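The shown structure was predicted, so the numbers you read here are calculated from the model rather than taken from an experiment. In what follows, every chain begins at residue 1, and chains take the letters A, B, ... in the order their sequences are listed.
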Protein chains: 2
Amino acid sequence: MSQLPEQSARTSVPTSADVARAAGVSRATVSYVLNDNTTVRISDATRRRVRAAAFDLGYVPHAAARSLRAGHSRMVLLPATRLPAGLLQRRFFTDLQSDLRRLDYTVVQYGSAGLDPDEAVRAWAELRPVAVVAPAGVPLTPHGIGMLTRSGAKAVITLGPQPVEGAHALVLDQRVVGGSAVRHLLARGRRRIGVVMPQEPGLALFSEPRLAGALQAAEACAGARVRRLPLRYEETSATELAARWRTLGLDSVFAYDDEYAMLLMRALQDAGVEVPAETAVVGAGDLMLGRLLRPRLSSVSMELATAQPPAEMIDRLVRNPGGAPERHDLLRARTVARESG
Amino acid sequence: MSQLPEQSARTSVPTSADVARAAGVSRATVSYVLNDNTTVRISDATRRRVRAAAFDLGYVPHAAARSLRAGHSRMVLLPATRLPAGLLQRRFFTDLQSDLRRLDYTVVQYGSAGLDPDEAVRAWAELRPVAVVAPAGVPLTPHGIGMLTRSGAKAVITLGPQPVEGAHALVLDQRVVGGSAVRHLLARGRRRIGVVMPQEPGLALFSEPRLAGALQAAEACAGARVRRLPLRYEETSATELAARWRTLGLDSVFAYDDEYAMLLMRALQDAGVEVPAETAVVGAGDLMLGRLLRPRLSSVSMELATAQPPAEMIDRLVRNPGGAPERHDLLRARTVARESG
DNA sequence: TTGAAAGCGTTACCAT
DNA sequence: ATGGTAACGCTTTCAA
């Protein structure tokens with residue numbers, strides 16, 4: 001008979017109403033106690049009873065219900081890309097995440113692999129984030145920015161090589177990388193400079209600006225020439241390139257990054273091209289890897305210069321929305337000279 | 001006078017009620033039309049009017065309200081770790097994400113850096129995910145699993161070196177990696193085997209099982225001995241280790257992975273220790289990197305063998321909850337012999 | 001010090 | 001074929 005007590009046999013999850021019932025108070029009181037609401041005085045005895053009941057039932061508030069009632073969330077959305085994130089970006093995200101949490105935001109990374117731009121931005125907007133930080137490679141259009149703003153996002157921020165119309169921008173201008181490498185080579189008397197262009201899809205986002213920076217830097221020097229060198233991240237591709245190296249008439253190469261540099265340098269050495277005597281090689285990323293090569297690899301070292309921590313910037317934009325798009329250049333590059341050129 | 005029409009000048013985001021008003025129908029009808037509800041017949045004219053109104057207003061449904069009403073979400077939560085994710089894990093996540101999307105789940109990665117286990121699991125539970133996939137390194141305890149289950153998660157799945165009591169497990173048993181390397185070395189007559197143990201925090205999760213697998217494999221051979229070799233990912237640390245190499249009396253080393261292998265091999269060569277003549281070196285990960293070294297690096301190649309795609313497994317567990325914890329071993333390892341040992 | 005009730009945006013049931 | 005209405009879980013205003 002007593003097998004189905006009125007409100008037991010609950011297979012579902014406990015709500016604040018369950019806590020109220022268990023503690024013998026109203027739902028309002030439960031809310032007051034659990035949110036430490038100071039505008040209302042609750043007796044210590046009641047407080048304890050409510051807390052105990054919540055603990056016993058394993059009560060956990062329902063974030064969706066809460067933000068629905070509140071009319072806003074504190075979710076910062078980070079649409080993910082499927083690009084292989086570099087060390088720099090990973091560190092950036094990790095830091096951003098902890099900093100935002102410290103400011104009481106909830107950071108949510110949302111994978112949008114294989115959605116077309118409209119579907120993707122719609123999916124983000126459904127979550128009603130208070131801010132969106134979109135790394136390079138996610139399909140964010142001015143139209144998408146409008147949709148996010150209209151659905152309540154107080155700040156839309158792009159993070160990558162170039163800004164998008166209408167959004168704030170944390171710009172990682174990859175041109176400074178190519179520029180630094182080429183200036184380094186020019187200073188050492190090199191004039192006929194190759195620039196490796198990875199053929200892997202997705203990397204064009206980074207390699208094209210690096211090349212652009214290289215070209216720009218070369219313009220400052222009369223006799224300098226820059227040549228584009230397509231390369232796949234495979235030994236065969238590097239071997240091919242090395243085999244026709246001498247026909248190219250280059251005295252140096254900026255190899256996109258340290259990994260492509262290692263690949264190419266190995267192939268050049270195997271083909272009998274001396275590094276740096278005949279051809280100087282410069283990578284980028286300043287990985288441990290480069291220091292272990294022989295000759296040690298010269299490399300463009302990158303870092304993010306943040307006047308104001310990005311998390312604070314986001315917080316400021318959220319509290320004070322509607323301003324003109326801000327733009328901050330974050331990427332700094334400096335070439336570390338080692339033995340390879 | 002007509003500057004403030006009754007329901008215009010809306011600064012807030014449009015709701016389905018706004019769409020209904022604009023189309024001159026009820027909220028229910030809007031819901032029917034936009035969700036393509038087939039159990040109810042709506043005239044084509046009405047359909048078009050509703051769709052047009054939704055489009056004009058830029059209406060986007062509110063995910064929180066929807067899942068509140070529905071009583072459940074289709075969110076799969078992926079608590080993120082701050083560990084440097086390897087290529088294998090990254091590929092795994094990317095695939096999992098697209099596969100789950102195809103099954104109409106929403107995959108959300110949630111950063112829990114710097115939260116203690118209880119706070120973290122509570123934060124996850126507040127989101128009411130339908131499933132949680134926890135990679136190695138996130139603080140998931142049996143108690144936490146209980147909390148997630150009680151707050152509605154239909155499936156909790158761990159992904160990593162070892163299962164956690166009470167959750168389903170996709171096991172990446174790192175012991176097979178050390179085992180494969182050591183069996184490879186034993187087969188080539190090596191007997192006194194060093195195993196590199198990275199000192200970077202967080203890697204112990206992987207290095208300890210790899211060592212355990214190495215020890216286990218060595219037991220099969222009478223004269224074999226395994227020795228633990230602490231190493232930081234720095235040149236100085238490798239140089240130190242190489243300097244006292246001959247006092248260790250080892251004829252081979254399993255270097256944890258290809259990057260540590262490169263670091264150590266370089267230091268050994270600089271110290272005059274011949275590879276592989278005097279000491280054989282085996283890495284893991286089978287990176288391009290290893291093929292470029294001289295001698296070419298032997299390496300443990302890893303892959304994930306999935307009888308059933310993990311996304312389908314998750315879907316099955318969600319639809320059919322309450323079963324006994326499942327356990328699937330995913331990691332396969334096989335040593336690729338090259339020149340280093 | 002506490003409780004009743006309204007409302008956030010949706011959807012499903014039951015009338016019309 | 002369409003509309004009214006209640007309910008999801010929570011917070012907050014107002015009243016007691």
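With rounding to whole Å, A:L34 atom CG is found 10 Å from D:dC10 atom P. B:L68 places its CG atom 7 Å from the P atom of D:dG9, with the value rounded to the nearest Å. As rounded to whole Å, 11 Å separates atom P of D:dA1 from atom CG of B:D44. Following rounding to the nearest Å, B:H62 (NE2) and C:dG7 (C1') show an atom-to-atom distance of 13 Å. B:I42 places its CD1 atom 13 Å from the P atom of C:dT11, with the value rounded to the nearest Å. Atom NE2 in A:H72 sits roughly 12 Å away from atom C1' in C:dC8 (whole-Å rounding). To the nearest angstrom, C1' of D:dG9 lies 13 Å from CZ of A:R21. One atom, CG of A:D36, and another, C1' of D:dT12, lie 16 Å apart when rounded to the nearest Å.
Distances shorter than 4.0 Å separate none of the side-chain N or O atoms of A:S16 from OP1 or OP2 on D:dG9. Proximity of A:R27 to the phosphate of C:dA4: no side-chain N or O atom is located under 4.0 Å from OP1 or OP2. Phosphate proximity of C:dG9 to B:T15: absent, as no side-chain N or O sits under 4.0 Å from OP1 or OP2. Distances shown here put every side-chain N or O of B:N37 at or beyond 4.0 Å from the OP1 or OP2 atom of C:dT11. Between B:T39 and C:dA12 there is no side-chain N or O to OP1 or OP2 distance below 4.0 Å. Put simply, B:T29 has a side-chain N or O that comes within less than 4.0 Å of OP1 or OP2 on D:dG3.
Across all strands shown, A:S43 has heavy atoms under 4.0 Å from sugar-phosphate atoms exclusively, and none from any base. Using a 4.0 Å heavy-atom distance criterion, B:T46 is classed as a sugar-phosphate-only contact. Residue contacts shown for B:R41 include a base, since a base heavy atom lies under 4.0 Å away.
B:H168 places a side-chain heavy atom less than 4.5 Å from the side chain of B:M313. Contact check for B:V121 versus B:I145: no side-chain heavy atoms found under the 4.5 Å cut-off.
Residue B:R74 holds its CZ atom at 9.5 Å from CG of B:L100, rounded to the nearest 0.5 Å. Between the OG1 atom of B:T29 and the CG atom of B:N37 there is a distance of 11.0 Å, given to the nearest 0.5 Å.
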Which atoms of nucleotides 13-16 of chain D (N or O only) lie under 3.5 Å from a protein N or O atom, and what are those distances?
| residue | atom | partner | partner atom | Å |
| --- | --- | --- | --- | --- |
| D:dT13 | O4 | A:Y32 | OH | 2.9 |

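Note on B:R122 versus B:D118: no salt bridge recorded, every NZ/NE/NH1/NH2 to OD/OE distance being 4.0 Å or above. Using a cut-off of 4.0 Å between Lys/Arg side-chain N and Asp/Glu carboxylate O, B:E312 and B:R102 are scored as not salt-bridged. Between B:R51 and B:D36 there is a salt bridge, with a side-chain nitrogen of the basic residue lying less than 4.0 Å from a carboxylate oxygen of the acidic one.
Atom CD of B:E119 has more than 12 heavy atoms from other residues, nucleotides or ligands within 6.0 Å.
Take the nearest nucleotide of DNA chain D for B:V25 and for A:R69: the residue whose nucleotide is more 5' is B:V25.
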